[in-house]
Amino acid sequence: MHDDCPFCKIVMGEMKVREIYRDNNTVAFVDNLPRFAQGQCVVIHRRHVEQFYELEDREIAELFGAVKQVAKKLKKAYDPQFVSVFSRGQTVPHAHIIVFPSQPMGTMDGFLKSLYFAYQLGSKSGESNLDETAKLIKDAEGH
Ligand SMILES: [Zn+2]
């Protein structure tokens, strides 16, 4: 629990949100600033870590169990073709997974297209670079 963390306050019930799911370890709520789609939700584990990969394996399973529950709710509520997940962790330094309904030709496609073009412009990347990429990642030591 971090006193100045809004997501910890949500876990403790000290900050009001539009909660849509809660179990012993996780909380999910409707995002106040939906950027991807209507119905965008945020899923958090109650333990405060900045990045999701800092959670223990068991906690990861708990977090993604909740993501699954939320995804099923979104599928039922909006009947989108896809339910997408996104995680970066810039806005609030408490690991969170964003879950949102996604349609073909929706926001997500525009987002992905813009990423693709930005990446192509910014790099000399081609098929040959993928071998280097694979080697770099494969050889990097994880913990
Ligand atoms: Zn927190």
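Note that ligands are numbered from 1 as they come in the structure, with each ligand's atoms numbered from 1 the same way.
In summary, the side chains of H94 and E50 do not present any donor paired with an acceptor at a separation below 3.5 Å, with no hydrogens or angles considered. Judged purely by distance below 3.5 Å, without hydrogens or angles, the side chains of R47 and N25 never pair a donor atom with an acceptor atom.
F36 meets the ring-ring contact (aromatic ring centres under 6.0 Å, His included) test with F86, F100, F111; sequence neighbours excluded.
The SG atom of C5 sits 5.0 Å away from the NE2 atom of H48 when rounded to the nearest 0.5 Å.
Summarising the local packing, NZ of K75 is surrounded by more than 12 heavy atoms from other residues, nucleotides or ligands at distances under 6.0 Å.
Around the Zn ion (ligand 1), protein atoms of type N, O or S found under 2.8 Å number 4.
Just one of M12, H96, M15 meets the side chain to side chain contact (heavy atoms under 4.5 Å, CB included) condition when paired with F7; it is H96.
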